[in-house]
Peer 1: 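I have a structure here, written as C-alpha cells, and I will follow up with some questions on it.
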Amino acid sequence: MSVATVTHDLIVTQTRALKLPGVARTFDSLARQARDAHWPHEDYLHEVLSAEQASRHESVIRQRLREARFPEVKTLDTFDFTATEGVSATQIHALARGEWVTAPENLILAGPIGTGKTHLAIALGVEATKQKRRVLFTRAADLVRQLLEARDARELTRLQQRLLRVDVLIVDEVGFVPFERVGGELLFNLITDRYERRATVVTTNLAFAEWVTVFAGDEKLTTALLDRLAHHATVITTKGKSYRMRKRRASAS
Ligand code: ADP
Ligand code: MG
C-alpha cells in the first residue's frame, strides 16, 4: 500500500469521526486539481472548507424542508400569476425575500377555493426554509385537534413552546371546520403568543366578517384574534374561478 493510499484512508476515517461529509466528498478530487494547478496549500484548504460549508448549508435546508411537513412541495416558479386574480408577482417575490419573517409580520391569504392560496402559502414557506427558517405547515382543524389532545394529556405547555419555536407557522384552511369554544380559545392563545414574536400565515375561504362563525359565534374573541392577526399583516385576496376547474374546462374544450 502506498503512503498516499494510507493517508487517503486515514482522512476518510477522520471525516467520519469529525462529521465532515463535505470534506469527505471533495478532498480527493480537489487534491488532484491542486496538484495539477500547483495551488498554494492554503488555497486547497480553503476549497475543502468551502465544500464543507456548502454541504452543511444544504443539509440544514433539507432538514428544514422535512420538518415543515408540507403536504406537497409547491414552488413559486410553478405558480401562474396570470391565472389568479388579486395576486401580484412583484408582491409575492418581495415576500419571498423573507423580511416579513424577520419583522415578524403575518400573511393572510383569503379567497375562494382553488385560487392558489395553499400553493402560495407552501411556496413562501419553501422560500423561508431556504433562508434556514423553521417552518411548519398545518391545517387549522388538525392544529386545533392537536392542541385539544395536548391539553387533555397535560402536554399543552410543551406543544405551545414547540410551536413558538417555529418561525413561520402556516395555518391552512381556517373556516372549513368551525371550532368549539375551547378549540377556538386554544387557537386564539396561540395567535396571541405569536403576536409580534413569530410570523404566522393563514389561508381562509372566509371574509373577515364571517370569521365569527368559525369561533362559535364569540364576537369578542374573534375581534381580538383578528386584531392581533391583521395588525402587522399583508392581506392578499385571491379572486376568480378555481384553477383546477378551469384547467379541466380548458382541456375538455
Ligand atoms: P386553494 O388553497 O386556494 O383552495 P390551491 O392552492 O390548493 O387552492 O390550488 C388548487 C390546485 O391548483 C393546486 O394544485 C395548485 O397548485 C393549483 N393552482 C392554483 N392556482 C394556481 C396558479 N395560479 N398557478 C399554478 N397552479 C395553481
Ligand atoms: Mg387550500
Side-chain angles (χ1 to χ4, degrees), residues 64-98 100-101 105-130 133 135-147 163 166 168-179 183-184 187 190-191 194 199-215 222 225-226 229-230 233-253:
R64 294 281 183 271
L65 198 59
R66 268 197 306 273
E67 288 168 350
R69 309 226 197 111
F70 295 120
E72 49 189 327
V73 173
K74 300 273 183 182
T75 54
L76 285 183
D77 51 309
T78 60
F79 192 82
D80 179 358
F81 286 95
T82 63
T84 298
E85 281 171 61
V87 179
S88 125
T90 317
Q91 185 180 27
I92 297 295
H93 285 117
L95 288 168
R97 287 201 302 268
W100 63 287
V101 181
E105 287 173 8
N106 297 331
L107 174 62
I108 300 168
L109 293 154
I113 292 166
T115 50
K117 302 184 298 294
T118 301
H119 186 135
L120 284 173
I122 293 175
L124 288 171
V126 169
E127 293 304 315
T129 63
K130 290 186 194 164
R133 300 297 193 172
V135 179
L136 182 66
F137 180 98
T138 162
R139 283 194 187 84
D142 293 337
L143 177 64
V144 167
R145 190 172 33 76
Q146 252 196 310
L147 286 164
L163 288 171
V166 171
V168 181
L169 180 69
I170 303 173
V171 185
D172 197 33
E173 297 184 349
V174 171
F176 276 33
V177 189
F179 310 122
L187 188 61
L190 178 68
I191 300 292
R194 297 181 66 80
T200 307
V201 181
V202 166
T203 84
T204 180
N205 58 321
L206 300 180
F208 287 150
E210 300 170 311
W211 275 50
V212 65
T213 61
V214 186
F215 293 94
T222 311
L225 180 133
L226 278 173
L229 198 63
T234 304
V235 182
I236 293 173
T237 311
T238 59
K239 299 180 193 77
K241 293 255 167 11
S242 155
Y243 183 81
R244 268 185 293 230
M245 298 259 271
R246 283 201 300 176
K247 281 267 152 175
R248 223 170 292 150
R249 238 168 258 157
S251 55
S253 60

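Just follow the structure's listing: the first ligand is 1, and inside any ligand the first atom is 1. All values below were derived from every heavy atom in this structure, side-chain atoms included, with hydrogens, water molecules and symmetry-related copies excluded.
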Peer 1: For the atom pair OG1 (Thr115) and CG (Leu109), what is the distance rounded to the nearest 0.5 Å?
Peer 2: 9.0 Å
Peer 1: Within ligand 1, which atoms have a heavy atom of Thr84 less than 4.0 Å away?
Peer 2: 20 (N), 22 (C), 23 (N)
Peer 1: At what distance, to the nearest 0.5 angstrom, does OG1 of Thr222 lie from CD of Glu210?
Peer 2: 12.5 Å
Peer 1: Starting from atom 8 (O) of ligand 1, which protein heavy atom do you reach first, and at what distance in Å?
Peer 2: Gly116 N, 3.2 Å
Peer 1: Suppose we measure from atom 7 (O) of ligand 1 to each protein heavy atom; which comes out shortest, and what is that distance?
Peer 2: Thr118 CB, 3.9 Å
Peer 1: Distance to 0.1 Å, residue and atom name: give those for the protein heavy atom nearest to atom 1 (P) of ligand 1.
Peer 2: Gly114 N, 3.5 Å
Peer 1: Within a reach of under 6.0 Å around NZ of Lys241, are more than 12 heavy atoms found that belong to other residues, nucleotides or ligands?
Peer 2: no
Peer 1: Working to the nearest 0.5 angstrom, can you tell me the gap between Glu173 CD and Thr203 OG1?
Peer 2: 6.0 Å
Peer 1: Would you please name every residue forming a side-chain contact (heavy atoms from CB on, under 4.5 Å) with Thr213, sequence neighbours left out?
Peer 2: Leu206
Peer 1: Short list, please: which atoms of ligand 1 are under 4.0 Å from a heavy atom of Asp80?
Peer 2: 22 (C), 23 (N), 24 (N), 25 (C)
Peer 1: Counting heavy atoms only, which part of Thr78 comes closer than 4.0 Å to ligand 1: side chain, backbone, both or neither?
Peer 2: backbone
Peer 1: Considering Glu85, Glu173, His119, which one's heavy-atom position lies nearest to atom 16 (O) of ligand 1?
Peer 2: His119
Peer 1: Measuring from atom CG of Leu95 to atom CG of Leu120, what distance do you get when rounded to the nearest 0.5 angstrom?
Peer 2: 9.5 Å
Peer 1: Going by the order shown, which atoms of ligand 1 are within less than 4.0 Å of some heavy atom of Ala83?
Peer 2: 23 (N)
Peer 1: In the protein, which heavy atom is nearest to atom 13 (C) of ligand 1, and how far is it?
Peer 2: Lys74 NZ, 3.7 Å
Peer 1: Is it true that Pro112 lies under 4.0 Å from ligand 1, counting heavy atoms only?
Peer 2: yes
Peer 1: At a cut-off of 2.8 Å, what protein N/O/S atoms sit near the Mg ion (ligand 2)?
Peer 2: Thr118 OG1
Peer 1: Between Tyr243 and ligand 1, which part of the residue brings a heavy atom under 4.0 Å of the ligand: side chain, backbone, both or neither?
Peer 2: side chain
Peer 1: First locate atom OG1 of Thr129, then atom CG of Leu65, and finally report the distance between them rounded to the nearest 0.5 Å.
Peer 2: 5.0 Å
Peer 1: Nearest 0.5 Å, what's the NZ-CD1 distance between Lys117 and Ile236?
Peer 2: 12.0 Å
Peer 1: Indicate yes or no: at least one non-hydrogen side-chain atom of Phe179 is less than 4.5 angstrom from one of Leu143.
Peer 2: no
Peer 1: So, the side chain of Thr204 versus the backbone of Val174: is there a donor-acceptor pair under 3.5 Å, distance only?
Peer 2: yes
Peer 1: Can you classify the ring geometry of Phe79 versus His119 as parallel (below 30°), tilted (30 to 60°) or perpendicular (above 60°)?
Peer 2: perpendicular
Peer 1: In terms of ring plane angle, is the pair Phe208 and Trp211 parallel, tilted or perpendicular, where the classes change at 30° and 60°?
Peer 2: perpendicular
Peer 1: Measuring from non-hydrogen atoms of Ile113 to any atom of ligand 1, is the shortest distance under 4.0 Å?
Peer 2: yes
